[in-house]
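Contents: one structure, followed by commentary.
Proteins get letters first, then strands, A, B, ... in listed order; numbering begins at 1 in each. Since this is a predicted model, take the numbers as computed values, not measurements.
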There are 2 protein chains.
Amino acid sequence: MQVQTVAKSTPRIDFAALTLCRGLGQQATSRIATISTIQSVSASQVVFYEGDEADSIYEVVRGTLKIYKLLPDGRRQITGFLSEGHLLGLSLDGTYTYSAEAMTDLVLCRYPRSHFDRIVSEMPGLAQRLLTATSDELRAAQDQMLLLGRKSAEEKIASFLLMLARSHSLGDEENVLEIPMGRDDIADYLGLSIETVSRTLTKLKRAGIIALPMSSRVVLQDRGRLEELAGGEFAESL
Amino acid sequence: MQVQTVAKSTPRIDFAALTLCRGLGQQATSRIATISTIQSVSASQVVFYEGDEADSIYEVVRGTLKIYKLLPDGRRQITGFLSEGHLLGLSLDGTYTYSAEAMTDLVLCRYPRSHFDRIVSEMPGLAQRLLTATSDELRAAQDQMLLLGRKSAEEKIASFLLMLARSHSLGDEENVLEIPMGRDDIADYLGLSIETVSRTLTKLKRAGIIALPMSSRVVLQDRGRLEELAGGEFAESL
DNA sequence: CGCAAACTTGATGTTGCTCAAGCTAGGTGG
DNA sequence: CCACCTAGCTTGAGCAACATCAAGTTTGCG
């Protein structure tokens, strides 16, 4: 099931900058470099499917991907958008528990499962780093459960835009967001239909809270009101 | 904010049986015993609130609790029911990211944050155990996102009953479930209203799929149909 | 026995989904 | 360079699912 495109020319990687290596010594870093392989994946390719044998852990080196789960009839829930520095495939049992698909061209660093486990048990501190990363994803997942279970469409969209604003933060001009995914992905991330996503964005535009110069660009014109609409959960106060 | 009831008589605990200790040596276990304190909490007491300073990690020794997040207007999302052996409070930053409330009388084992961190870095293998536990919770959270975002009320209730059946498994008679929480908690766990929970259970009863001899007891009369209704995600096939 | 809390049931209302057209922008071939 | 074509997005109308509001009913407890 692995539909993967390995580039002819392997991109150069600074291993010391990887999430997995940061903070570890020079020796550990080169050790990790030896067990890992670099892999390029082009946009819209699937890295792995839910249910595939989980033979590798990946780190996103460049680009963005989405992870999602499907119901038998095709309904989809996107559980996360992962960009540079995120790890994926850390499953316990033998198979992946979600599918992963490239949203942009990707560079991934791949760690074969068997080597990975060994290295984790041999390197003190590495398991702690992984624990920190996983705890943070769990926290994000709990925020998302609150959103999915209890927020209205308007609150969902407002929260989503603010989340984007936070992750892109300090990049482009303040308050101008590049939306890197289609309406269908937004819908499947927020538990809405495409049409509701579109209508809700239009509504926020009409209210003067955002502007939509293009369908993939949002300008936050009134961040305060957007934060009110998002239904400020505790996390917002940070 | 800590509303906690510490029992006069500290219950006796078998430390070696704790999730945190299992698999570690005798020495490590007694080390952990020295830094931990046992705490009894009575039903419906709050162990900690979202936003409180996260000064301790807890392990559930006996009983069940719920963890949840609130919106400012009081809407609530229960993100998990934790029973014996589960850890809670493993937050990264300084504050808890959810509230925890006892559903039954509880016995908790409490590890002060400062000691906990030290012990984790000193004991090889412990971080790995925590990573495993956290990864598993993350997997469950992703399943729940699929449920909250994409399943109908009927599918949610069916999934919930099967989840209960799995966790209680092999205890009582096959197919007879004791539901340990009220309709309000079920509703806030599944992202539904109390009334919809009640109506959906009645509907399943009328269809002959379950029986409801009491409001807190469910008999699974046709598990096959229930599994169909749950919209078998991948996990079901395990 | 009586009371309160929890649950169920019914009637009505609202949100967001579905189905069905339009619209727009970017890419392609003439 | 332009016209066309398509994929993605928006908009509208009608509808279904679920929420809300309002009684009833049951259960457990003092």
Side-chain angles (χ1 to χ4, degrees), chain A residues 43-44 66 71 73-78 101 103-104 147-161 177-207 210-219 229 231, chain B residues 43-44 66 71 73-78 103-104 147-161 177-207 210-218 229 231:
Chain A
S44 89
K66 59 194 173 204
L71 288 170
D73 64 1
R75 278 174 291 170
R76 184 178 65 152
Q77 180 64 43
I78 293 179
E101 182 181 322
M103 295 168 64
T104 64
L147 177 146
L148 290 169
R150 288 305 182 204
K151 287 189 179 179
S152 70
E154 201 171 65
E155 292 169 325
K156 286 175 176 180
I157 294 287
S159 303
F160 175 70
L161 292 176
L177 296 179
E178 212 39 55
I179 312 262
M181 67 287 286
R183 298 292 188 263
D184 50 350
D185 285 347
I186 300 176
D188 284 347
Y189 182 60
L190 299 178
L192 298 170
S193 69
I194 294 173
E195 294 93 331
T196 297
V197 170
S198 183
R199 270 188 261 270
T200 306
L201 286 170
T202 304
K203 193 170 156 194
L204 294 177
K205 183 172 77 174
R206 276 204 262 268
I210 62 171
L212 286 166
M214 312 176 357
S215 70
S216 67
R217 183 165 297 163
V218 173
V219 183
L229 286 181
Chain B
S44 88
K66 59 194 172 203
L71 287 171
D73 64 359
R75 278 173 291 170
R76 184 177 67 152
Q77 179 64 44
I78 292 179
M103 294 167 64
T104 65
L147 177 145
L148 291 169
R150 289 303 183 208
K151 288 189 179 177
S152 69
E154 201 172 63
E155 291 168 326
K156 286 175 175 180
I157 294 287
S159 303
F160 174 71
L161 292 176
L177 295 179
E178 213 36 56
I179 312 263
M181 67 286 286
R183 298 291 187 263
D184 52 348
D185 285 348
I186 301 176
D188 284 346
Y189 182 61
L190 300 179
L192 297 171
S193 68
I194 293 174
E195 295 91 332
T196 298
V197 170
S198 183
R199 270 188 261 270
T200 306
L201 286 170
T202 304
K203 193 171 156 193
L204 293 177
K205 182 174 77 175
R206 275 205 262 270
I210 62 171
L212 285 167
M214 314 174 359
S215 70
S216 67
R217 184 164 296 164
V218 173
L229 286 182

To the nearest Å, how far apart are [X] [atom1] and [N] [atom2]?
| X | N | atom1 | atom2 | value |
| --- | --- | --- | --- | --- |
| Asp188(B) | dC7(C) | CG | P | 12 Å |
| Leu148(B) | dC18(D) | CG | P | 13 Å |
| Met181(B) | dC7(C) | CE | C1' | 16 Å |
| Asp185(A) | dC9(D) | CG | C1' | 14 Å |
| Arg75(A) | dA17(D) | CZ | C1' | 13 Å |
| Asp184(A) | dA7(D) | CG | P | 13 Å |
| Leu201(A) | dT10(D) | CG | P | 7 Å |
| Leu212(B) | dC7(C) | CG | P | 12 Å |

How does protein reach along nucleotides 11-28 of chain C, written 5' to 3' as B (base within reach of a heavy atom under 4.0 Å), S (only sugar-phosphate), or - (no contact)?
B----SSBB---------

Any side-chain heavy atom of [X] within less than 4.5 Å of one from [Y]?
| X | Y | result |
| --- | --- | --- |
| Leu229(A) | Ile157(A) | no |
| Met181(A) | Ile186(A) | yes |
| Ile78(A) | Leu190(A) | no |
| Pro213(A) | Val219(A) | yes |
| Leu147(A) | Leu148(B) | no |

Mind checking what makes side chain to side chain donor-acceptor pair (under 3.5 Å) contact with Ser152(A), not counting sequence neighbours?
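Side chain to side chain donor-acceptor pair (under 3.5 Å) list for Ser152(A), sorted by chain: Glu155(A).
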
Residues in side chain to side chain donor-acceptor pair (under 3.5 Å) with Arg150(B), at least two apart?
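Expected list: Asp188(A).
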
Looking at every strand, decide which applies to Ser198(A) at a 4.0 Å heavy-atom threshold: base, sugar-phosphate, or nothing.
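The residue Ser198(A) makes base contact.
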
Using five pairs at either end of the helix from dC1(C)-dG30(D) to dG30(C)-dC1(D), determine the angle between the two local helix axes and round it to 10 degrees.
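Overall, the helix from dC1(C)-dG30(D) to dG30(C)-dC1(D) bends by 30° from one end axis to the other.
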
Just by modelled atom types, is the Ser215(B) backbone N or O under 3.5 Å from a matching donor or acceptor in the Arg183(B) side chain?
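Here the side-chain-to-backbone pair exists.
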
Is a donor on one side and an acceptor on the other found under 3.5 Å between the side chain of Gln77(A) and the backbone of Tyr189(A)?
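Such a contact is found between Gln77(A) side chain and Tyr189(A) backbone.
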
Between CG of Leu212(A) and CZ of Arg217(A), what distance do you get to the nearest 0.5 Å?
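Nearest 0.5 Å value for the CG-CZ distance: 11.5 Å.
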
Could I get a table of every N or O pair under 3.5 Å where one atom is in the protein and the other is in nucleotides 23-25 of chain D?
none

Less than 3.5 Å apart, which donor and acceptor atoms pair up between the side chains of residues 199-206 of chain A and the rest of the protein, not counting sequence neighbours?
| unit_1 | atom_1 | unit_2 | atom_2 | d |
| --- | --- | --- | --- | --- |
| Thr200(A) | OG1 | Thr196(A) | O | 2.6 |
| Thr202(A) | OG1 | Ser198(A) | O | 2.9 |
| Lys203(A) | NZ | Glu154(A) | OE2 | 3.2 |

